[in-house]
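Structure, as structure tokens:
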Amino acid sequence: MNFASAAIEILSALTTAANLFVIAAGLSLVFGALRIINLAHGSFYMIGALLMASLFALGRPGVLFWPALLLAPLLTAGFGAVLERLLFRRIYRAEHLVQLLLSYALSLILADLALRLWGADSRTVPPPAALAGRLSVGGAGFPLYDLFVIALALAVGLGLWALLHRTRFGWEIRAAVEDPEGLSLCGRNVPALFTAVFALGAFLAALGGAAVAPLQAIGPGMDSSILVSAFIVTVIGGLGSIAGAALGAAVIGFVQAMGTLWLPTWAPAFIFLAMILVLVIRPSGLMGAPARAWSEEE
Amino acid sequence: METLLDVAGLVKRFGGFAAVDGVSFEVAEGSIHAVIGPNGAGKSTLFRLLTGFHAPTAGTIRLAGRDIAGLAPHRIARLGLAQSFQITTVFPKLSVREQVAFALIAQSPTPWRMLGGLVRVLGGQGVMAEVETLLAEVGLAEVAERRAEALSHGDQRALDVALALATRPRLLLLDEPTAGMSPFETERMVAMIQRLAGARRLTVLFSEHDMDVVFSISERITVIHRGRVIAEGDAASVQADPEVAEVYLGSAA
Amino acid sequence: MATRARLGVGFALLLLIAAPWVLPTAWLLVLENALVLALFAAATNLLVGWTGLVSFGQAAFYGIGAYTVALAWLHGIAPFWLAFPAAPLIAGLVALLTGAIALRARKLYFALLTLAFSELFYVLAEQLYDITNGANGIFGAMVPDLLVSPRPGFYFTLAVVTAALALLHRICHSPFGLALQAIRERRVRAEALGLAVAHHELAAFTLSGAFCGLAGALYVVHDQTAYPELLDWVKSGEPVIVAVIGGISSFAGPLWGALFYQIAHDALVVLTRDWQLVLGALLLLVVLFRPGGIVSLFPGREEG
Amino acid sequence: MLEVAAIDVYYGTSHILQGVSLAVRAGEVIVLLGRNGAGKTTTFRAVMGLTPARRGDIRFENKAITHLPPHAIVRAGLGLAPSGRRLFGNLTVAENLALAELPGGPWTRGRVLALFPKLAEIAPRRAAFLSGGEQQMLKIARALLAQPRLLLLDEPTEGLAPVVVRELGGWLRGMREEGLSILMAEQNARFALALADRGYVMEKGRILREGTTSELLTASELATHLALGPRQRPAENA
């Protein structure tokens, strides 16, 4: 393997990792604030991608790419908000088996509904003309769209950091991670905040799905394949930590790139081995979420 | 009387904060001994150190001469120190009889020996009879078939004590045994403690906020405040201690 | 067991023994599938329902049981009658080793670790092409002819499942089973009472893995094939869902769940393509409104 | 201004409060005395809607608040400074304060910082790293910024050094002069009674006694319930 193709392989792995970060950040955010495990997170990713494909197809080829990239996640976020009000709200205090099963049940239902609405055929969305080319560096042609996905993930990461540390909404989320009751004593409507956080999580999953549309075929089955990867990233980083999600995505990206270069067939196994290794050494991930203050009181 | 529990120079720090800051006291075999102190004095931490749920930063805890500081909770339990908890911690979905039986068989060392039938492994009827004796002793024979979650608060606390007794302890640790109880339930619990200490020759170490209970049954009282022992003695001497009064009534602002 | 329960079990066994002479072959196969699933679910429930350990990786042991029989045949290592009893032993051994690692984590992290192990074995089965035929799977005459014909095959499965369930029932209702329930209810208190909790959890994990392996070996008897998806986490979800739908707090729950699930699945797959939708909706309803599962619908039958 | 009428509160199946009634009039400082586990914190939780009462009524300024969610109760004019280390430890002091500030009342961050100048000094520090006194200050400041007309203080002296306790007394007198009504739960009876107009004594989930400060200071129950004197116990020779 020469340098050029190795560089492209690495970029491709980085692109996957960047996109995984966007999705895992949503999963982690929802876990941190709501203490809920959402196995339907992959469904939001799939719905985002499918909506992207449908919205894109509404206009003349290429015209609606950017509006669809924004609108698909927004619509999914709205849908997520509805699900939070109807279902997830009931199980915040339930044991994790109930949370796992309820969200798994939901993912089954959504997978079937998606199959009904969009059919079994896979769809494609071409990248916009401006990003269709390659950037030539040292004999290697990097697909511009891959670079865009990486830039988008960086923007999402910075945006989330700014949101969490520089806005009142972000302070509320961070406060809710520690002590939702205390937040309600500050006169903040915590249930409404939780709906918003859940919607934001769905938004990030769907954004990941919409952004990945030009890179792969869109169709049924996307949900379960991404879910395991997103969970690995989140768990390696530590559930509930956005920075952890970034770190987890970086670890997975690195492992995947190295695996692809040297032992392509074993790359998937390395990811699981990495997760097992991290959890054995640090049973709550690299940057596990802080426990809620009041649950530790004697 | 022999010393059963000997605590010397016990310290537990969390970060920079010393919750228990050099506590020493002795509990005589067969006595009823109270540890009291205002909220946040360090009683809960002290109890967690004794039962092995925290490892001490420094100091020794000797149970019948053997240092148990830092041992795992189940090891300490096997050495004869049992506790009932401040927040009732019975097993909600098991029946009263089942969980007392469980507490008895939990003393058996390996999982593999427990795979057989209940009665056979327990060595015939003897152990089931012990379950019934224990239930009668704490006054729960009539509700033996009920799930613990369906019991009254007082009965749950009694069950909690029965579970601790099932480990055949030498020292029984009771963390606020009458907390949240009605006056009637409180009297039942007090009577039970006295009966156990009398009939079973059990040593009882307990923490308690209800001073009536403390002064009516304790032979010796250790007062702690801010992680340190500030007074020790019998009821009369502790009541007369000005520092204790200060700690409990507070000082005017 | 209460007299009524004994009578119920005896009656059910009589029905099952009569089944090959009454049911058409297609339905006999459905029933056979249900028996294997019942064992898989009951074995998983030893962890989920009894010990309170939610594992999303029991398919690993199911698959290992299946692959033991299939690989022994493919490479001529051992005859079926040796490979079959070896399957639960090997699955149990792997469970012992992976459990020792997975049980270091708690609750959700434990669930995800079991899932990771399951996926790891899945990848191994898929990538070790020279040994396992990879994604193509293994198929062929790996089972003695006798067991392939419907009636003897059914009776063999029935006999193995009955014996295994009897053993599992015994375990669940032994002092060991009581200890597992105590761990589920309040782990810390069980430890304070002197129970070696970690050893008990590992023992439960190992036993569960062995019984899952046995179920996997029976799957091979039934379908004469082994393929990587048998080890996938989606497969791991199946016994958990079956147990929950049936009712995890009783021994009989997963058995009823398996019967219900298999019949509903095989009937609905013919009628509609929305099996997943129905299953998801059903699971949702059970989790939200009937946490006791199917068995909680029967009057006066809380414990099995 | 606050009327609690015969409320019953349960945690799961255990009956914690049994027919608790109390009242606070505008401008009063009321103290709720009682041992650990007497039900003081639960009473506050019920008033704030954190553990809603199963029976009985709670009215604030003649408006029923029994079944309102906590944030609505806060916005109706009630504030609680909870006991223990209930702060957002990962947020800075400044963030804690900004989060707590609600518009439309007398308390601004500037005014609160004037009352607690120390908080301005430590504004960039994470709340988890504050001393006990600083934490108490921040908790009270936070509760004030929600613009309460009645402030509930749960164990304000808990874990404080004597010097800080005296200082706390000063803050509370200051707040009272600003026209704030205060309902305070305390174990430190002398501290609380020195500040209060009236008080209630709780035991085992019930109100045992109500009276003015001077009545309570001399009442023999107080000595028996809070302090060390043994009480007559009728049937106790089992």
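On a predicted model such as this, the values are computed, not experimentally measured, just so you know. Sequence lines set the chain letters: A, B, ... in the order given, protein chains first and strands last, and positions in each chain run from 1.
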Spacing of [atom1] belonging to [X] relative to [atom2] belonging to [Y], to within rounding of 0.5 Å:
X        : Y        : atom1 : atom2 : value
D:Leu145 : A:Cys186 : CG    : SG    : 9.0 Å
D:Leu97  : A:Trp171 : CG    : CH2   : 10.5 Å
D:Leu91  : A:His165 : CG    : NE2   : 8.0 Å

Atom of [X], atom of [Y] and distance for their closest heavy-atom approach:
X        : Y        : answer
D:Phe88  : A:Gly182 : CZ-C, 3.6 Å
A:Leu185 : D:Leu80  : CD1-CD2, 3.8 Å
D:His71  : A:Val190 : ND1-N, 4.4 Å

Sorted by number, residues from residues 99-110 of chain D in contact with chain A (heavy atoms, under 4.5 Å):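 Near chain A, by residue number: D:Leu99, D:Ala100, D:Glu101, D:Leu102.
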Neighbourhood of chain A inside residues 38-52 of chain D, taking heavy atoms under 4.5 Å as contact: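 Listed by number: D:Arg45, D:Met48, D:Leu50.
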Heavy-atom pair count under 4.5 Å with chain A, highest-scoring of D:Ala146, D:Pro82, D:Gly89, D:Ala76: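 Result: the option with the highest number of such pairs is D:Gly89.
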A:Arg188 vs D:Arg75 side-chain heavy atoms within contact, under 4.5 Å: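 Answer yes - side chains close enough.
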